[in-house]
Amino acid sequence: MTENTKEQKGKFIVFEGPDGSGKTTQIKLIYEYLRHELTEDIIMTKEPGGTEISNKIRQILLDPDNVLLEDLTEVFLYAASRAQHVKELIKPHLDQGFYVLCDRFVDSTIAYQGYGRGLDVSLIKKLNTVAAQGLQPNLSFYIMVKPEIAMQRIAQSRSFDRLEQNEISFYQNLYRGYLALLEEDDSKHYINGEQTVTEVNEDIKKVLQKKL
Ligand code: TMP
């Protein structure tokens, strides 16, 4: 488990994975589970978003009309949304001892914009070290589904935002990116998202029981 600064009393737990991985269902289940298990306070948040200003940036990022949005602009907007989110919501809660569960963080930008869209991964990492103000997740869960399954699940969902209108090659690169990131340190945990909701949930809980 990654350790952050001395003044951080809480734990920062991140859920990652491609669209269609079932990540959002799982974070809600784990939030309910930890609310009962822990004596510490807990909040659940998401990226891009989490604060009023970050949500305004999210609207620009996800608007299907923004066909002219440049890849580099996108990277800066994710970083801007994150800088606000970390400063206004995440860090203050961690400093007060909260558990903060976050749906996506820096690794989403590396996987989607770096591996998916082909932008310079080292530039994205540098920019996001600044945006995240040195904050790193104590624990991350990567809920993984193969690109074909992710695409099928997205096709079955009701609406597409700007970012869900991608080719299979994008999802293949994204998947490869997440696998590469998983290798980087042992605070990141692979979870097989192709299982049932209950099985995925049990796998996450097993890691939590061991690590917390
Ligand atoms: P969500 O569907 O999990 O709310 O995420 C919104 C979309 O934003 C999703 O398609 C993934 C994408 N995304 C990026 O491309 N880069 C990022 O840094 C983040 C946080 C999300």
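For ligands, and for the atoms within them, numbers begin at 1 and follow the listed sequence. The figures here come from the full heavy-atom set of this structure, side chains too, leaving out hydrogens, waters and symmetry mates. When a residue number appears, it is its place in the shown sequence, counting from 1.
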Carboxylate-amine/guanidinium contact E183 K188, below 4.0 Å: no
Is D107 salt-bridged to K125, going by a charged N under 4.0 Å from an acidic O? no
Side chain, backbone, both or neither: which applies to T109 and ligand 1 if a contact is any heavy-atom pair less than 4.0 Å apart? both
Which one holds for R117 and ligand 1: side chain close, backbone close, both close, or neither close, with close meaning a heavy atom under 4.0 Å? neither
Using heavy atoms and a 4.0 Å limit, tell me yes or no: is E74 in contact with ligand 1? no
List ligand 1 atoms under 4.0 Å from E47, heavy atoms only on the residue side. 20 (C)
Proximal atoms of ligand 1 relative to K46 (non-hydrogen, under 4.0 Å): 4 (O)
Using a plain distance cutoff, I'd like to know if [X] has any nitrogen or oxygen under 3.5 Å from a nitrogen or oxygen of ligand 1.
X    : value
D19  : yes
K23  : yes
Y78  : yes
R104 : yes

Parallel, tilted or perpendicular: which fits the ring planes of F105 and F12, with parallel below 30° and perpendicular above 60°? perpendicular
Can you tell me if E194 uses its side chain to pair, donor with acceptor, with the backbone of K146 under 3.5 Å? yes
Just by distance, do the side chain of E199 and the backbone of T196 share a donor-acceptor pair under 3.5 Å? yes
Quick one: are I42 and L101 in side-chain contact, heavy atoms under 4.5 Å? yes
Note: heavy atom closest to atom 4 (O) of ligand 1, options R82, H85, Q113, R58, belongs to R58
With sequence neighbours left out, what residues match D103 under side-chain contact (heavy atoms from CB on, under 4.5 Å)? K23, T24, I27, K46
